[in-house]
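Data block below; observations after.
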Amino acid sequence: MATENPTSYSYMGRSFGDIVGDHSSSAFSDCNSDRSGEFPTTSSQSRRLLISCASDNSDELIRQFISDLESCSIDIQKQAAMELRLLAKNKQENRLKIAENGAVKPLISLISSSDLQLQEYGVTAILNLSLCDENKDLIASSGAIKPLIRALRMGTPTARENSACALLRLSQIEDNKITIGRSGAVPYLVNLLENGGFRGKKDASTALFTLCSLKENKIRAIQSGIMKPLVELMADFGSGMVDKAAFVLNLLVSIPEGKTAVVEEGGIPVLVEIVEVGLQRQKEIAAVILLQICEDSMVYRTMVSREGAIPPLIALSQSGTTKAKQKAEALIDILRQPRSGNANNAYSRTTSDVAG
């Protein structure tokens with residue numbers, strides 16, 4: 001299924017619409033290796049770090065830990081999963097070795113455990129293995145997606161965050177975006193975006209940004225109520241999430257359902273405020289979103305004008321980047337001539353320019 005991209009900026013090797021140059025790439029960062037819970041004691045943590053990170057001859061160790069994953073003892077399983085997680089934390093070579101030696105399926109089995117700590121360790125180890133591109137197909141084909149979504153729904157806070165990261169990694173394969181969306185991940189990612197801690201919000205927004213390049217996932221996100229947390233995050237300049245929320249919103253307003261939902265959620269005043277007082281890159285993306293919202297709707301143009309958008313747009317057209325100036329000028333034309341066909345022509349010119 002083809003992705004639908006309203007503009008042409010680049011992120012993680014994918015081409016999107018060029019809305020504000022490279023700002024999307026800086027707004028999102030790929031998931032790092034695990035950020036799971038601490039070990040029971042400092043001494044045991046140090047021992048495991050020494051064994052797992054400093055060992056040059058780890059093949060035998062890896063095979064033993066993989067065997068221990070299928071032990072009848074939960075404690076032995078936990079220890080083995082922790083060790084494999086550490087081995088895969090920073091070394092690409094170890095990520096390949098662990099997967100090649102058959103760890104993926106038993107680790108996925110741990111994700112379905114009723115023991116939440118064991119589940120967390122399984123999720124985290126799978127996340128670390130997924131940081132190796134060569135492992136992503138194997139992880140997905142081994143049945144990881146549905147267990148990861150269950151952990152996203154009902155795991156510990158760390159398991160939920162690491163599940164979101166692992167799903168992000170798997171969604172970098174185009175076919176997996178469809179599977180992940182149809183397996184029910186989107187509502188739980190939206191829930192994490194709304195109710196998670198700062199790290200959870202970041203992980204959820206990045207995963208949603210990737211998944212919502214597909215129209216069917218955009219619709220799922222909108223139906224799951226994503227507009228409320230997006231608008232709230234954009235309205236809170238101290239959230240550290242204004243850019244991320246805006247880039248996700250930019251994907252969603254490329255379809256009619258997204259435009260309707262953001263207007264109903266009170267997004268227009270928030271976007272106008274960003275154009276007025278946001279950082280330069282935030283002003284640019286807000287202007288692009290407003291441009292899309294106003295494209296075909298005289299009602300929305302009137303709403304944007306009544307919020308006082310024209311003065312800050314004039315300021316942006318005079319002091320922004322070349323692309324920001326083009327978008328601000330096009331939006332000003334639309335707002336000043338709501339019944340004129342010239343407005344739509346201006347919009348068509350600017351969108352074709354940014355795609356070129």
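Since the structure is predicted, the reported quantities are computational estimates derived from the model, not experimental observations.
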Please determine whether residues Ile173 and Leu189 belong to a single hydrophobic cluster, defined as Ile, Leu, Val, Met, Phe, Trp and Tyr linked transitively by side-chain heavy-atom distances below 4.5 Å.
no
With side-chain contact (heavy atoms from CB on, under 4.5 Å) as the test, would you mind laying out the steps for Gln117 and Thr156 before giving the verdict?
CA-CA 8 Å; Gln117 189 178 52; Thr156 66; over 6 Å; no
Working to the nearest 0.5 Å, report the span between CD of Glu70 and CD1 of Ile76.
13.0 Å
Side chains of Asn191 and Arg160: do they bring a donor and an acceptor to under 3.5 Å?
yes
Find out if a path of hydrophobic residues (ILVMFWY) with successive side-chain heavy-atom gaps under 4.5 Å connects Val275 to Ile314.
yes
Does any pair with a residue in residues 127-151 pass salt bridge (Lys or Arg N to Asp or Glu O under 4.0 Å), and if so which ones, sequence neighbours excluded?
Asp133-Lys136, Asp133-Arg169
Rounded to the nearest 0.5 angstrom, the OG1-CG distance for Thr179 and Leu170 is 10.0 Å
Which atom pairs, donor and acceptor, lie under 3.5 Å between side-chain atoms of residues 256-270 and protein residues at least two apart or in another chain?
from: Lys259; atom 1: NZ; to: Gln292; atom 2: O; distance (Å): 3.2
from: Lys259; atom 1: NZ; to: Glu295; atom 2: OE1; distance (Å): 3.3
from: Thr260; atom 1: OG1; to: Pro256; atom 2: O; distance (Å): 3.2

Please give me the minimum heavy-atom distance between Gly278 and Phe237, naming the atom from each residue.
CA-CE2, 3.9 Å
Taking Lys105's backbone N and O only, do any of them form a donor-acceptor pair with Ser109's side chain (distance below 3.5 Å, no angle check)?
yes
Is a donor on one side and an acceptor on the other found under 3.5 Å between the side chain of Arg95 and the backbone of Lys89?
yes
For the residue pair Leu129 and Leu107, establish whether any side-chain heavy-atom pair is separated by less than 4.5 Å.
yes
Excluding sequence neighbours, so at least two apart, what forms side chain to side chain contact (heavy atoms under 4.5 Å, CB included) with Arg306?
Thr302
Got a second to check how far Leu118's CG is from Met82's CE, nearest 0.5 Å?
10.0 Å
Within a strict 4.5 Å, meaning less than it, do heavy atoms of the Lys327 and Leu331 side chains meet?
no
When hydrophobic residues are tied together by side-chain contacts of less than 4.5 Å, even through go-betweens, does Met154 share a cluster with Leu152?
no
Could you work out, with side chain to side chain contact (heavy atoms under 4.5 Å, CB included) as the rule, every residue matching Ala151, not counting sequence neighbours?
Ile111, Gln119, Val123, Ser163
Under 3.5 Å donor-acceptor, Asp68 side chain and Ala80 backbone
no
Using the rule that Ile, Leu, Val, Met, Phe, Trp and Tyr join whenever any side-chain heavy atoms are under 4.5 Å apart, tell me whether Phe247 and Leu279 fall into a single cluster.
no
N/O donor-acceptor pairs under 3.5 Å from side chains in residues 223-235, not counting sequence neighbours:
from: Ser224; atom 1: OG; to: Arg220; atom 2: O; distance (Å): 2.7
from: Lys228; atom 1: NZ; to: Glu194; atom 2: OE2; distance (Å): 3.2
from: Lys228; atom 1: NZ; to: Glu232; atom 2: OE2; distance (Å): 2.9

Nearest heavy-atom approach of Asp243 to Gln282 is OD1-NE2, 2.9 Å
If we only count heavy atoms from C-beta on, is the Leu69 to Leu84 side-chain gap below 4.5 Å?
yes
Would you call Ile108 and Val104 a side-chain contact if the rule is heavy atoms closer than 4.5 Å?
yes
Is any NZ, NE, NH1 or NH2 atom of the basic residue among Lys325 and Glu329 found under 4.0 Å from an Asp or Glu carboxylate oxygen of the other?
no
Do Ser71 side-chain atoms and Ser67 backbone N/O form a donor-acceptor pair below 3.5 Å?
no
Quick one: CG on Leu249 to CD1 on Ile285, what's the gap to the nearest 0.5 Å?
8.0 Å
Taking only residues two or more places apart in sequence or in another chain, which ones pass side-chain hydrogen bond (donor to acceptor under 3.5 Å, both in side chains) with Glu273?
none
Can you find a pair of side-chain heavy atoms, one from Val304 and one from Ile334, that are under 4.5 Å apart?
no
Side-chain donor/acceptor of Ser183 to backbone N/O of Ile180, under 3.5 Å
no
Hydrophobic cluster identity match, Tyr121 and Leu116, side-chain contacts under 4.5 Å
no
Okay, side chain of Asn101, backbone of Ile66: is any donor-acceptor separation there less than 3.5 Å?
no
Would you say Lys78 and Asp115 make side-chain contact, with heavy atoms under 4.5 Å?
yes
Looking only at non-hydrogen atoms, find the nearest pair between Ser171 and Leu211 and report the distance.
CB-CD2, 3.7 Å
Straight-line distance of Tyr188 OH to Arg153 CZ, nearest 0.5 Å:
4.5 Å
Given 3.5 Å as the limit, does a donor-acceptor pair link the side chain of Asp203 with the main chain of Cys165, or not?
no
Tell me the closest heavy-atom pair linking Ser213 and Lys177, and the distance in Å.
OG-NZ, 2.9 Å
CD1 of Ile98 to CD1 of Ile62: how many Å apart, nearest 0.5 Å?
4.5 Å
Looking at Ile139, is its backbone amide N or carbonyl O close enough to the side chain of Ser142 to form a donor-acceptor pair, meaning the two atoms are under 3.5 Å apart?
no
Please test Lys97 against Glu100 for salt bridge (charged side-chain N to carboxylate O under 4.0 Å, His left out), starting from the C-alpha separation and ending with a verdict.
CA-CA 5 Å; Lys97 285 182 181 178; Glu100 289 169 354; over 6 Å; no
Minimum heavy-atom separation for Leu110 to Gly122, with atom names?
CB-CA, 4.2 Å
With a 3.5 Å distance limit and no angle check, can you tell me whether Ser205 reaches the backbone of Lys202 through a side-chain donor-acceptor pair?
yes
Lys/Arg-Asp/Glu bridge criterion (N-O < 4.0 Å) met for Glu60, Arg63
no
Under 4.5 Å between any side-chain heavy atoms of Ile274 and Ile289, yes or no?
no
